[in-house]
**Q** 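To start, I am sharing the structure in question, which I have written as structure tokens.
Keep in mind it's a predicted model, so treat the numbers as computed, not measured. Just so it is clear: chains get the letters A, B, ... in the order the sequence lines come, proteins before strands, and each one is counted from 1. Just the heavy atoms: all of them, side chains too, but no hydrogens, waters or symmetry mates, feed the values below.
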Amino acid sequence: MIQHVDNPIIEVHDLTVSYDKKPVLWNVDFTIPAGALVGIIGPNGAGKSTLIKAMMGLLPLSSGYTELFGKKLNDVRKRVSYVPQRESVDWDFPASVMDIALMGRYGQRGLFNRITAEDRSIARQALEEVHMLEFANRQIGQLSGGQQQRVFLARALAQQADLYFMDEPFAGVDAATEGAIIELLKELKSQGKTILVVHHDLQSAADYFDWIVLLNTRLVASGPVKEVLTPTLLQETYGGKLSLLAQVGDIASSKGVGTRE
Amino acid sequence: MDAFWIILTGSLVALNGALLGSFLLLRRMSLVGDAISHAVLPGIVVAYLFTASLTSPFLLVGAALTGLAATWIIETLNQKARLQHDAAIGLTFTLLFAIGVILVASFAGQIDLDMDCVLYGEIAYVPLDTITLASGIGMGPKQVWTLGIVFVGLIILLLTGYRGLSLTTFDAGYAAALGFNTSFWHYALMGAVSLSTVAAFESVGAILVVAFLVGPAATAFLLTRSLKWMLLIASAVGIASAISGYYLALWLDGSISGAMALMTGVIFALAFVWQMVVKR
């Protein structure tokens, strides 16, 4: 089930990415409508993060291309914002929360022009939106995982982009942060922004997103959440793993064993 | 007066090392600095074949290019051959250093360079090699001028490139997503490390440069969580090591550059102990 849209904000065309000549993404081809809150879902090693990185031009492509706003990435970079995985950086780096939020302005301002008072006020506002303004002068090494994730989101917000790519923003964060993040994503969507989120929790996917991309090296499905989150397609995406999990769940419930979910 | 020039030379080496070393440490590349300091040897020997000393800026830059080549080889082995980063570093710098050693031995008769000088430098002789203008006015030791010019260049790099260096150091993926050329900043930093290593080589030697690249930066990293303060504290630690090292050497009647390098370790140890006590 791959539903294509007219006038897509994102068009991924025949994308193939390989590591050591071994494909991690195979012939992925989909379109995303503007204003969608999109979940990219699939098992571990499905190539979800690779897909986002490939779309952001961070990886060499074996074939295919991505168009954003109908243009090449380099022409629209200022309208696109990227939130890497929290674990991808060293949080012992000597910087304050404000320093990181201000990095979101580097793209608009360039590396050699002065950071202005306007940039500072935009960064402060971004921190306010993720409820981190009171920690503005805190060293980033002292933050909890959830707070670190919010700082990364604030940095992305400070870019004032129209399109957001987020790599596992819900990974390893507390429930309060997860709630705050999803509120923020819905707020961004209501402002007409488009957001792509790499996500691995099937339970919450139906509540969070309105468009789903199911991925397992190749594209399994792309479309509105109700049409995509079907047992058949999920089975196809997760293969044996999902049925095994379902069996474990069944056994656990039949024997009255509590599960963590 | 000799003491002043020797301490000034040591301080300049320490300052260059402290500033660059801070970024190397945060990039987890302190060992790349180590590798560069060894790998520039063949470049230095070839430069010496053209002149008795590294006085020409062209030769200085030429020798520094060997260091850049080393970082390029390390990156290529790491990315293309999938060799682990530490293995790539180990392979590269020993290879280049070995070539340098063979060159020193082969041209021993033709160049004013021996392995002792390569390893330990001759900081005590710095005040002897001075620049005198045609009018007869003494301008001070050549080494101070070389190191001073590199230091000024480094300050200019840091003032203009502070944001580029800090952004690509903290989050290279994000920097690339913003459209910035992360390779440019990588090689700008590595080029600066190569250049300052070559410039420092005559005074403290190829090996002891590493002490100044790692020690002051590591000490500062223990003491602060702000990048600007880290650079300032590392600089202060570097100068303190140079001054205390000089007088330690005088007292021991030993190697000046050795004592300066030792002091970087002693100051680190003091900072470490102090931090353990404070944190209790």
**Q** Can you say whether A/F152 sits under 4.5 Å from chain B via the side chain, the backbone, both, or neither, judging by heavy atoms?
**A** side chain
**Q** Might you point out which heavy atoms bring A/S222 and A/T31 nearest each other, and give the distance in Å?
**A** OG-O, 4.0 Å
**Q** Report the donor-acceptor contacts between chain A and chain B below 3.5 Å as a table, one pair per row.
**A**
{"from": "A/D20", "atom 1": "OD1", "to": "B/R82", "atom 2": "NE", "distance (Å)": "2.9"}
{"from": "A/R77", "atom 1": "NH1", "to": "B/A176", "atom 2": "O", "distance (Å)": "3.4"}
{"from": "A/R77", "atom 1": "NH1", "to": "B/A177", "atom 2": "O", "distance (Å)": "3.0"}
{"from": "A/D90", "atom 1": "OD2", "to": "B/R28", "atom 2": "NH2", "distance (Å)": "3.0"}
{"from": "A/P94", "atom 1": "O", "to": "B/L227", "atom 2": "N", "distance (Å)": "3.2"}
{"from": "A/A95", "atom 1": "N", "to": "B/R225", "atom 2": "O", "distance (Å)": "3.4"}
{"from": "A/G110", "atom 1": "O", "to": "B/R163", "atom 2": "NH1", "distance (Å)": "3.1"}
{"from": "A/N113", "atom 1": "O", "to": "B/R163", "atom 2": "NH1", "distance (Å)": "3.0"}
{"from": "A/N113", "atom 1": "O", "to": "B/R163", "atom 2": "NH2", "distance (Å)": "2.1"}
{"from": "A/R155", "atom 1": "NH1", "to": "B/D171", "atom 2": "OD2", "distance (Å)": "3.2"}
{"from": "A/R155", "atom 1": "NH2", "to": "B/D171", "atom 2": "OD2", "distance (Å)": "2.8"}
{"from": "A/Q159", "atom 1": "OE1", "to": "B/Y174", "atom 2": "OH", "distance (Å)": "2.8"}

**Q** Would you please name every residue forming a side-chain contact (heavy atoms from CB on, under 4.5 Å) with A/P33, sequence neighbours left out?
**A** A/V5, A/A36, A/W211
**Q** Using heavy-atom distances under 4.5 Å, tell me whether A/L102 contacts chain B through its side chain, its backbone, both, or neither.
**A** neither
**Q** List in chain and number order the residues that pass side-chain contact (heavy atoms from CB on, under 4.5 Å) with B/I243, two or more places apart in sequence or in another chain; answer none if no residue qualifies.
**A** B/I7, B/I239, B/Y247
**Q** If the condition is side-chain contact (heavy atoms from CB on, under 4.5 Å), which residues does A/E183 pass it with, not counting sequence neighbours?
**A** none
**Q** Measure the shortest side-chain to side-chain distance between A/F69 and A/V80 over non-hydrogen atoms and say whether it is less than 4.5 angstrom.
**A** yes
**Q** Are A/H200 and A/F170 near enough that their ring centres are under 6.0 Å apart?
**A** no
**Q** For a quick test of reading the model, state the closest non-hydrogen atom pair linking B/A211 to B/A261 and the distance between them.
**A** CB-CB, 3.6 Å
**Q** Can you give me the closest heavy-atom contact between B/A39 and B/L96, atom names plus distance?
**A** CB-CD1, 3.5 Å
**Q** Check whether A/I100 gets within reach of chain B through its side chain, its backbone, both or neither, counting any heavy atom under 4.5 Å.
**A** side chain
**Q** Looking only at heavy atoms and a cut-off of under 4.5 Å, which of A/L58, A/L73, A/L111 has the most pairs with chain B?
**A** A/L111
